[in-house]
Amino acid sequence: MILILGMGISTKGVIRVLEHLKKPYVIYESSIVLSYRFELIIKSPGVVLDQKIIEYSKNKNVEIVTDVEFISRYFKRNYIGITGTNGKTTTSVLMSKITGEIACGNIGYSICDALMDHKDRYNFICELSSFQLEKARKFAPYIACILNINRAHMDYHGDYQMYQEAKLNLVRNITDGYIVYNFDDDFLQERLKNHPANKMTFSINNKLATCFVRDKYIYFHKKKYLKIKKISLKGEHNLYNIMAAICMSKILDVEDKKIKKAIMEFNGVDYRNQLIKKNVYNDAKSTNPYSTLAALRMHDNCRLICGGYPRNEDLSILDGDVYRLNKVYCYGKGKDIIKEYMEKKGVKVDSFDTLEEACLKAKKEKKKIPLIYSPMMASFDQYQSYIERGKEFNTYYKKKLY
């Protein structure tokens, strides 16, 4: 008997697999008496374990895992695992476009559902969050890609080191596979330099990396590979994502012509710096200051709508780029934190209770200056997901607020 904790998107996929394997399961409720010795506990990513479960797991020696660990034990496939504080979805979708393989995981289509829907497939592009990786003990992907690691999800993990270690679980069990990682990330470079796996690296300006940028070109193995001007996706942060995809695609022996064509035609994903009208950008996927920073760096002068549920974000990483802000409209539970920071930096700022109010004010102050909706905080003070708030922002746009 297997115990299931939580009922998110991933859990529905887990249940499909359990039923396929004809394994009995029970969904945890507080009324359940934990006297039975379960074979395994599978929890939804992000579910906080209560003390009752922690003590039961320890006393009965029952392992707690998430969907990625569970599925990899029963289905041996080439898992291409992609993680990072930012860029996971963009890179995963781009890899799917290049290779034609299924993108799944934290992207909104669970790994278990993907395996059930495509049992004949062997390669799976898996976007993996720290919530999924924290309980990964034996998972060994064929390719493990770490785009970056920055401070995030402190409310859940407790401290930065715990978050870092969760991310590094992606590479712990790789022996004959590949690790692709950001050579400009000092932490990753130090932790992975002696890893026994095959490695490929990417960098904006370090020629020692496998893939790097120089003289308006992306280089691969010190040879010109692709002219940056031909790439549709803009921004330095996206160059990292693209180089990571190139490295992984080369490992999978994808033809260069196919790689380049997909990169040149790729325009990004919904709610990630998405242009919805002239000078209006929807970056609702932003849940931390690092992703908002990337959005700001695409403009020399812009207005910003931001806010949401605060999780101990370090806003100081914006210090060097606040000069780009013409004005800020903040809302939600984190509005006071943002307002205090912006005022200290001399940035004009108005605060509101809701996104709608912030959008209405931005409309009244209509300017030719680009307007970016990049929340830099979690959505769940007022929304179920970043998709919901992204759709709402677009709804205001359709109502011709701008």
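Between Leu40 and Arg73, some side-chain heavy-atom pair lies under the 4.5 Å cut-off. Contact of the Val269 side chain with the Ile107 side chain is not registered, since no non-hydrogen atoms from C-beta on lie closer than 4.5 Å. Asn198 places none of its side-chain heavy atoms less than 4.5 Å from the side chain of Ile251. Two residues are said to be in side-chain contact when any heavy atoms from C-beta on lie closer than 4.5 Å; Val349 and Ser351 fail this criterion. Counting heavy atoms from C-beta outward, Ile80 and Cys145 have side chains that stay 4.5 Å or more apart. Put simply, the side chain of Ile338 reaches to within 4.5 Å of the side chain of Met377, judged on heavy atoms. Looking only at side-chain heavy atoms (C-beta outward), Leu115 and Tyr74 stay at 4.5 Å or farther from each other. Proximity of Phe139 to Leu128: side-chain heavy atoms (C-beta onward) are separated by under 4.5 Å at one or more points.
Side-chain N or O atoms of Lys234 include one that pairs as donor or acceptor with a backbone N or O of Ile231 at under 3.5 Å. Side-chain atoms of Asn78 do not come within 3.5 Å of backbone N or O of Tyr142 as any donor-acceptor pair. Of the possible polar contacts, one joining the Glu313 side chain to the Arg311 backbone as a donor-acceptor pair under 3.5 Å is found. No donor-acceptor pair closer than 3.5 Å links the side chain of Arg172 to the backbone N or O of Arg137. Side-chain N or O atoms of Ser72 include one that pairs as donor or acceptor with a backbone N or O of Glu69 at under 3.5 Å. For the pair Asp283 (side chain) and Ser286 (backbone), a donor-acceptor distance under 3.5 Å is absent. Not a single donor-acceptor pair under 3.5 Å links the side chain of Lys250 to the backbone N or O of Ile246.
Tyr281 is linked by a side chain to side chain donor-acceptor pair (under 3.5 Å) to nothing, counting only residues two or more places apart in sequence or in another chain. In terms of the ring-ring contact (aromatic ring centres under 6.0 Å, His included) criterion, Phe183 has no residue partners (sequence neighbours excluded). Remark: Thr89 pairs with Glu127, Lys285 by the side chain to side chain donor-acceptor pair (under 3.5 Å) rule, at least two apart or across chains. For Tyr271, there are no side chain to side chain donor-acceptor pair (under 3.5 Å) partners, not counting sequence neighbours. Applying the side chain to side chain donor-acceptor pair (under 3.5 Å) criterion to Asp270, with sequence neighbours excluded, gives Gln274. Applying the side-chain contact (heavy atoms from CB on, under 4.5 Å) criterion to Glu236, with sequence neighbours excluded, gives Ile204, Tyr240. In terms of the salt bridge (charged side-chain N to carboxylate O under 4.0 Å, His left out) criterion, residue partners of Lys261 (sequence neighbours excluded) are, by chain and number, Glu265.
Residue pairs meeting the salt bridge (charged side-chain N to carboxylate O under 4.0 Å, His left out) criterion with at least one partner in residues 376-391, sequence neighbours excluded, are absent. Within the structure, side-chain hydrogen bond (donor to acceptor under 3.5 Å, both in side chains) pairs that include any residue of residues 10-22 comprise Thr11-Ser44, Arg16-Asp113, Arg16-Asp117, Glu19-Tyr25 (at least two apart or interchain). Note on residues 222-232: pairs passing side-chain hydrogen bond (donor to acceptor under 3.5 Å, both in side chains), not counting sequence neighbours, are Tyr225-Asp256. Pairs engaging residues 190-223 under the ring pair (Phe, Tyr, Trp, His ring centres under 6.0 Å) rule: Phe212-Tyr219 [sequence neighbours left out].
Atoms CD1 and CZ, on Ile102 and Arg121 in that order, are 4.0 Å from each other to the nearest 0.5 Å. Note that CZ of Phe380 and OG1 of Thr287 are 9.0 Å apart. Values are rounded to the nearest 0.5 Å. In this structure, the separation between CD on Gln189 and OG on Ser203 is 9.0 Å, given to the nearest 0.5 Å. Put simply, NZ on Lys119 and CZ on Phe75 are 7.0 Å apart, with the number rounded to the nearest 0.5 Å. For the atom pair CD1 (Ile218) and CD1 (Ile242), the distance works out to 5.5 Å, reported to the nearest 0.5 Å. Separation of atoms OH (Tyr160) and CG (Asn150) is listed at 5.5 Å; rounding is to 0.5 Å.
Around NZ of Lys216, the count of heavy atoms belonging to other residues, nucleotides or ligands within 6.0 Å does not exceed 12. For Ile317, the CD1 atom sits in a packed shell: over 12 heavy atoms of surrounding residues, nucleotides or ligands are nearer than 6.0 Å. Counting non-hydrogen atoms of neighbouring residues, nucleotides and ligands closer than 6.0 angstrom, the CG atom of Asp176 reaches no more than 12 such neighbours.
Lys138 has no carboxylate O lying under 4.0 Å from a charged side-chain N of Glu63, or vice versa, which leaves the two without a salt bridge. Ionic pairing of Glu365 and Arg303 is not present here: no N-O contact between side-chain nitrogen and carboxylate oxygen is shorter than 4.0 angstrom. Between Lys339 and Glu343, at least one side-chain nitrogen of the basic residue sits less than 4.0 Å from a carboxylate oxygen of the acidic one, meeting the salt-bridge criterion. With respect to the salt-bridge test (charged N to carboxylate O, under 4.0 angstrom), the residues Glu165 and Arg191 qualify.
Judged by distance alone, the side chains of Asn288 and Asn86 do bring a donor and an acceptor atom under 3.5 Å apart. Side-chain N/O atoms of Lys167 and Thr83 include a donor and acceptor closer than 3.5 Å. In the model, Asn282 has a side-chain atom that pairs as donor or acceptor with a side-chain atom of Asn394 under 3.5 Å.
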Contacts table for residues 93-100: side-chain donor-acceptor under 3.5 angstrom, sequence neighbours left out:
| from | atom 1 | to | atom 2 | distance (Å) |
| --- | --- | --- | --- | --- |
| Ser96 | OG | Glu101 | O | 2.7 |
| Thr99 | OG1 | Met95 | O | 2.7 |
| Thr99 | OG1 | Glu101 | N | 3.1 |

